[in-house]
Each structure stands twice: as structure tokens, then as C-alpha cells.
Amino acid sequence: MPAAPLPEIVVVAGIIPDGDDRLCLSRRPEHKHQGGLWEFPGGKVEPGEPLERALARELHEELGLEEVRSRPFLTVRHRYPDLHVTLHFREVTAFTGEPHGREGQPVEWVPRSGLSARAFPAANRPVAVALQLPPEWVIPPETLDEAQVIAGLSRLDPARQGVYLRGWSDRPAVAAACRARGLRFWIRDDAGAARREGAFGLHLSGEGLTRAERDGAPGFDGLLSVACHDAAQIERAMALGADMATLSPVRATPTHPEAVPLGWEGFADLIAGNPLVFYALGGVGPDDLTTARAHGAYGVAGIRGFWPACVDL
Ligand SMILES: Nc1nc2c([nH]c(=O)n2[C@H]2C[C@H](O)[C@@H](COP(=O)(O)OP(=O)(O)OP(=O)(O)O)O2)c(=O)[nH]1
């Protein structure tokens with residue numbers, strides 16, 4: 001007899017900041033699923049209930065908060081041995097009241113830097129990664145000279161933007177400019193250079209991925225990222241233990257006219273259920289962030305539209 005299908009639930013959970021770089025966590029009661037672990041407060045969505053309303057209801061019931069406003073952060077689908085869960089994590093942008101455990105559960109404000117010391121349910125891994133990442137991933141144009149790139153970097157916003165030094169990965173002066181500005185930056189393929197320069201991430205191109213598979217995972221402690229274009233590459237990125245990936249091209253781009261665009265639906269289908277944090281790349285701009293999040297991405301990436309307009313292209 002075929003095994004009975006596992007129950008499926010839809011959950012909404014709030015990432016609640018306090019303006020002092022701390023987030024509100026609560027501890028799940030021992031008797032519940034994933035009991036004893038820390039969680040982002042929330043609970044099951046009722047049939048037909050809009051997500052923002054569901055989160056406001058849960059945060060009122062569990063923490064006593066009022067007037068909760070939120071926006072999408074990251075959607076995660078996870079298969080526990082006994083349960084399939086779709087978790088809609090949302091960033092809380094406004095609330096009134098002081099969170100307290102109305103159901104007797106411990107509630108704490110935890111500094112972002114202290115999150116890794118807490119035990120979370122397995123489904124939360126991509127959220128822990130995304131919480132360290134900027135929503136925009138900017139690729140400096142390779143048509144500029146080094147001085148222009150350095151000038152452009154000084155105009156980026158470190159809170160919102162990270163930088164992939166693609167063609168600039170072997171230029172110490174460009175990495176130094178990122179460090180000076182406090183920008184998180186990624187280096188292409190070269191784990192040694194990423195270590196030396198104190199890069200936040202190492203981004204593997206197709207070639208870098210093949211080399212890493214042949215020689216073993218690169219020796220680099222920071223974030224591991226892979227450039228993906230299809231389901232097979234996503235599988236390979238996960239097998240290598242990657243944290244994040246770019247997936248492209250979402251739309252047609254002048255730089256890769258031969259590549260078949262995925263479209264937003266194709267993009268969403270490819271990433272659904274994969275525990276990586278994805279950036280949408282290829283013909284997208286900063287204004288596409290809401291659309292990207294609605295299709296399961298965490299961030300948007302690109303050259304044009306992201307690079308400061310005041311620097312001449
Ligand atoms: N709220 C929340 N739930 C999480 C997180 N990570 C994670 O895997 N989960 C799982 C655990 C549970 O299986 C499910 C949440 O369901 P729940 O049982 O707490 O929902 P609820 O508050 O509506 O509970 P109940 O009153 O119906 O028992 O999602 C997280 O960060 N926050």
C-alpha cells in the first residue's frame with residue numbers, strides 16, 4: 001500500500017527588528033513540532049487568509065503586538081520527516097506594543113550577530129543566510145576604468161547593496177575600496193584571493209563550479225555562491241554546500257542575446273523547494289525586488305540600473 005501523503009501546512013513568520021539591529025525570537029514549547037527550538041514568531045495561515053493579515057493575527061495572539069505591517073522577506077519550502085511546510089518569512093516594518101510571550105513562551109531580542117548561536121528548526125537555514133545578505137547584488141561594469149569603479153563604489157549603500165567584483169576580482173585596489181566603504185563583496189572563482197582580500201563571499205562561475213567539483217570544495221570560510229542557469233546547476237551548487245546562487249537570465253539581456261530567458265514563472269519553478277538563497281539576475285533592476293520576492297528570490301542582481309547613475313557608463 002502506498003504511504004499516506006505527509007500533512008502540508010502553510011506558515012507565516014515575522015522577522016521583527018527593534019531598530020538596534022536586534023531581532024525578536026521566541027522559543028517553541030517542548031510539546032510542539034520542532035519543540036524547544038528558537039523561531040521567528042508566527043503560526044499557521046488560515047485558508048484564504050492574506051499573509052500580512054495572518055502575521056498580524058499571529059503576532060497579536062502570541063506576542064500582544066498591534067498594528068503590524070510587513071512585507072515579503074523569503075519563502076522556504078521544507079520537508080520534515082513528518083510534515084511538509086511552506087514558510088512565508090516576512091519582514092515586519094511597523095508595529096505597536098512590546099513583544100511578550102502571551103502563551104508563556106520565552107521571548108528575547110537577539111542581536112543579529114548572535115543568531116548563529118541559537119538552535120533553529122532545519123527549515124530556517126536559508127533565512128539565517130538571507131539575514132546576512134543585502135537585497136541588491138551589484139556588478140560593476142567592466143567597460144569602466146579602475147578609478148571610475150572606485151568612484152562608483154563610494155556611492156553604493158552598504159546596508160542595501162553588496163558587490164560582485166566579477167571582472168575586478170584580481171584588483172586589490174577595488175577590494176580595498178569595498179572594505180573602506182563597508183561593502184560586502186564577492187570574488188570570482190579564486191578562493192585564495194577571496195581569503196586574502198577578506199571577501200564576504202566567493203562566487204563560482206560555471207568553470208569555477210566544475211573545478212571545485214574536481215578538486216574539492218574551495219577552502220574559504222565566507223559565503224559560497226554559484227552562478228546557475230538551470231536545475232542541474234542548482235543541484236550541483238547544493239551538492240557543493242553552497243549558501244546562495246544567482247539564477248539567470250530572468251529576462252532577455254543585450255549582454256547575452258543567445259540565452260533563453262526563464263521568465264518569472266520559470267524562475268519560480270526552478271527555485272521552488274531548494275534550500276539556497278537566490279538572486280534574480282538578467283534584465284532585472286532594483287525596482288523588481290518585490291516581483292522577485294513574490295517568485296521566491298531573496299534579492300536582485302545586475303549591472304545596469306544598479307550602478308550609480310552619476311558615474312558615466
Ligand atoms: N513560527 C515559526 N514556525 C516555524 C519556523 N521554522 C519552522 O520550521 N517552523 C515550523 C514549525 C511548525 O511545524 C510550523 C509552525 O506551526 P505552529 O504549530 O507553530 O503553528 P501555530 O502557532 O498556528 O500552532 P497551533 O496553535 O496551530 O498549534 O512551522 C519559524 O521560524 N517560525
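Counting convention: from 1, in listed order, for ligands and their atoms alike. In what follows, every heavy atom counts, from backbone to side chain, and hydrogens, waters and symmetry copies are set aside.
Leu59 places a side-chain heavy atom less than 4.5 Å from the side chain of Val92. Proximity of Val85 to Arg77: side-chain heavy atoms (C-beta onward) are nowhere separated by under 4.5 Å. Inter-residue side-chain proximity for Met244 and Tyr279 is flagged as met; some heavy-atom pair is nearer than 4.5 Å. With a 4.5 Å cut-off on side-chain heavy atoms, Leu37 and Phe120 do not count as touching.
Under the 4.0 angstrom criterion for non-hydrogen atoms, Glu62 is in contact with ligand 1. Not a single heavy atom of Phe120 sits less than 4.0 Å from an atom of ligand 1. Residue contacts with ligand 1 leave out Trp38, since none of its heavy atoms falls under 4.0 Å from the ligand.
In this comparison of Glu39, Arg28, His78, the heavy atom closest to atom 2 (C) of ligand 1 sits on Glu39. With atom 9 (N) of ligand 1 as the reference point, the heavy atom nearest to it among Ile9, Leu87, Asp82 is part of Leu87. Ranked by closest heavy atom to atom 31 (O) of ligand 1, the top entry among Val45, Val127, Asn124 is Asn124. Within the set His33, Arg57, Lys44, the minimum heavy-atom distance to atom 20 (O) of ligand 1 is found for Lys44.
A perpendicular orientation is assigned to the rings of Trp186 and Trp137, their planes being inclined by more than 60° (bins at 30° and 60°).
Side-chain atoms of Asp189 and His203 include no donor-acceptor pair closer than 3.5 Å.
No donor-acceptor pair under 3.5 Å is formed between the side chain of Glu67 and the backbone N or O of Thr96. Counting only distance, with no hydrogens or angles, the side chain of Asp157 and the backbone of Ala159 share a donor-acceptor pair below 3.5 Å.
For atom 26 (O) of ligand 1, the closest non-hydrogen atom of the protein is Lys32 NZ, 3.9 Å. Of all protein heavy atoms, the one closest to atom 15 (C) of ligand 1 is Val11 CG2, 3.7 Å. Protein heavy atom closest to atom 32 (N) of ligand 1, with residue, atom name and distance, is Phe40 O, 2.7 Å. In terms of protein heavy atoms, atom 8 (O) of ligand 1 is closest to Tyr80 OH, 2.6 Å.
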